[in-house]
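Notes to accompany the following structure.
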Amino acid sequence: MYTGTQVDMFCIYLCTCVLVYLCTCLLVYLFTCVLVYLCTCLLVYLFTCVRSPVYSFPMRPYLFTLLFLLLTVILSIAIGSVFIPPADLWRILTGWLSAAPLPESLKTFAFIIASIRLPRTALVLLTGAALGGSGAAYQGLFRNPLADPYLIGVASGAGLGAAVAMSIQWPYTFWGLLAVPLTGFLAAMLTVLLVYSLARVGKTVPTTNLILAGVAFSAFATSLTSFLMLRSTGELRRAFAFLLGGFTQAGWNPVLTILPFLAIGLGFLVLSGHALNLLQFGDEQAQQLGLPVTRTKTLILVAASLATAAAVSFSGIIGFIGLIVPHVMRLWWGADYRRLLPLSILGGAGALLLADVFSRVVMAPQELPVGIVTALVGAPFFLWVLRRAKNQGYW
Amino acid sequence: MSHKLTFALLIVTLFMAACGPAQTPAPTSVATQPPATEQPTAALQPTAAPITLTDGLGRTVTLTGPAQRVVSLAASNTEILFAVGAGAQVVGRDEASSYPEAVSSIPTVGGWSGFSSESIVALQPDLVLAGGINPPELVASLEQLGLTVYLLPNPVTLEEMYTNLETVGALTGHEADAAALVESLKGRVAAVDARIATVNTKPSVYYELDATDPVKPYTAGPGTFVDLLIQRAGGTNIGAQLQSQWAQISLEQLVVSNPDMIILGDSAYGETPEKVAARPGWETLSAVKEGKVYPFDDNLVSRPGPRLVDGLEALAKLLHPEVYK
C-alpha cells in the first residue's frame, strides 16, 4: 500500500524516467547530427587545405620524444608513495605477460599497479597530451608566444563551473559524482563559445579581439569563482584542489570518458599542421594562399578547446605545460607545425607524467597538486632551455 | 557559416552532457573490479554477524564483521576510534591526526592536499573511515578500488556526535565501550549544565579562528560547535550574528560588539594576549583593557569528536570561573 508521499515519489520517479528517456533520445539524435556535421567539415577541410606538400622529416625528434615518453611512463608505473622493489615490479609485469598466477605476496603490489598506477598514468598521459597539443595549436593560431590552452577562457570557465557544482551538495550517485567534471567541461565549452561570439566582427574573428575578449571574460569568471569559494563554508579545499590541478578520481572511468574527446580534438590538430604553417604568414596572406582562414581558425579553436576542456574536467587546471612544452619543442626541433603538433602532444604527455611523479613523491604519502609542480619544476627548466637557445632566431 | 558553427558548438556541448558519462560503466559496478586484497581479518572473527549501516553519504555499508584494520581519514575520526577503544585497530591515519599521542606511530596515508590511494591499499584495511571533510570523489575512488569506506557524517549537535561514537563502536566491535563513553560524556555535560544553570551573567565572547589580518579576523559563525559550546557554557558568541560558519568580522563590528572576553583559538599559530593587545585599534576593546584574553586549544572545539566535551568544560571554566571555585 502506498502512502501519499510514496505515490508522489513514484510519480516524480516516473516523470523523471520519461524525461531522462526523452532527453537521451534527443541528445542521441543531436549527437548523430553533430558527428555527421563534424565529419563533413573534416572532409571538406582535408580536401581544401591540408593537402600539404610532400615532405620528409628526420625521425630523430620523434624517436627522442617517444623515448622520453616511454621513460616517464615507466617511472610513473614504478614510482609512488608505496615502494615496490624493482625486482617485484619486473616479476609482476612478466607474470602478466606470461599469464602465470602471481604469488600471494605480490597480490597487493599487482593490484596497486593494475588499479591505481596504470589508470592514473593513462589519465595523466592523456591530459598532458591534450595540454601540449592545444598549447601548440593556440600559439600557432594566435601567433603569440604567450598563448596557452587557457588563453580564451577554458580554465576560468571550467573553474567557475566546478565551483558552482561544488557549491551544491550533490547526492552520492553516479550523476552526483560526475557533476563537477561535467559542469566544468560544459562551462569551459560555453565560455569558449561566448568569447568567440563576443570577439566576432562580421564574418571574421580577429585574433586580437579573441585574446582581449578571452582575457576579460577570464578575469570576470575568475573573480566570480573566488567569490563563490569565499562564500562557501566547507568546500573551499575541494575547489582549491580543482584550481591547482590534480587527479582525484581513480580508475579507468575518467580515462574512458575523456578519450573520445581527445581523439577527436587532437586527431584534428595533428592534421592541421599545414594550415597552421600557412596562418603564420598572417590572415590575409593565408587567405591568398587558398586557406579558408575563418573556418580553419574556428575549427582549430574548437578542436583545441574540446581537448583542453575534456582534460581539465577530470584533472583540474594544470598550468604551464601547455605553455612551455610547445616552446621547448620549437626551440629544439624547429617551428614547422606539421612536426611541432605531434611532438608537443608526445612531449606534453611526458612532461606532465614527470611532474605527476614528482607530485606523488615530494610529500608522500600526501600528494602535492600537480599544477604547483609543473610551474615549480617547469619554469626553471624552461628558462635554462631559453638561455641556451638565446643565440638562435626564435619565434 | 558562423551561425551554423555557433549552433554546432552548442550541440557539441550538449552531446558531451549526454555521451561523456554514457561511455563509461557505472562506478557502482564495483564487483567488476578485482578485490583489493584477501581479507585476512575475516578469519579472525568467524562467528561475527555482518554489520550493515548507512553512512553520511546515504550509502549502505556492509562489513562482514567488526573491522580489525581501520584507516582513518580525519583527525576527529582518529580521536573517536581511540576513545571507543579501537585504537589498536587503527593501521593508518591522515596527517592531521595528532591525538592521542599514540597516533604518531601509525603510518600516514595523506593529508589536506590529497590522499595516496596506493598507501591506503597497501595497508590492507577492512574499513576506511572517512569524515565530512573528505570529498565524495575520494570515497568513490576508494570504493572503486574494492575498499570498504564508511563516511562518518559531520555532526552539528552533541547528540549527533554521540551517535557517531556509537556508530564507530558498532563498526569496530566496541559497542559496549562506546555506550559507556557516551554515558560518561552525557554525565559530564549534565554536570556543566547544572553549574551553568546557577549563573546569572552571560558574557559575550569573541572566538578568534585566524587573525593573519588583524583588521579582518575570522571568527566562528552560527551552526558551528564553537558557537554551540559557547552558548552551552553560558555565554553568547558574537559571531552568531554573522552569515557563514568560518566568518570574517571587521574590527569595526568587533568594537561595536565589544565582547566581554576574547578567546584565541588561533593560539596554536602563535597568537598571544600580548600580541592582541599590541594590535592597532584593539586597545579600545574592554576585554583587552581588562586582560580577559585567553589562549585556547582549538582542537577541543573544532574536531567533532569526544573531546568536544573537554572543550565545553574548558569554556565553562573560562566563562564562569565563579561556579568552578
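Quick note on labels: first sequence line is chain A, next is B, and so on, each numbered from 1. Both backbone and side-chain heavy atoms feed into the values below; hydrogens, waters and symmetry mates do not.
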If we define contacts as heavy-atom pairs under 4.5 Å, which of B:G221, B:A247, B:S117 has the most with chain A? B:S117

Given that the side chain runs from C-beta out, which part of A:V180 has a heavy atom under 4.5 Å from chain B: side chain, backbone, both or neither? side chain

Under 4.5 Å heavy-atom distance to chain A, tell me which part of B:E118 shows up: side chain, backbone, both or neither. both

Atom group of A:R117 that falls short of 4.5 Å from chain B, counting heavy atoms: side chain

Of all heavy-atom pairs between B:L145 and A:F111, which one has the smallest distance, and what is that distance? O-CZ, 3.0 Å

Option in B:V139, B:L151, B:D94 with maximal non-hydrogen atom pairs under 4.5 Å from chain A: B:V139

CD (B:E252) with more than 12 external heavy atoms under 6.0 Å: no

Would you say the side chain of A:N253 lies within less than 4.5 Å of the side chain of B:Q144, judging by non-hydrogen atoms? yes

To the nearest 0.5 Å, tell me how far B:S119 OG sits from A:E367 CD. 8.5 Å

A:V82 and B:A122 have their tightest heavy-atom pair at CG2-CB, 3.7 Å

Rounding to 0.5 Å, atoms CD1 (A:I116) and OG (B:S116) come to a distance of 7.0 Å

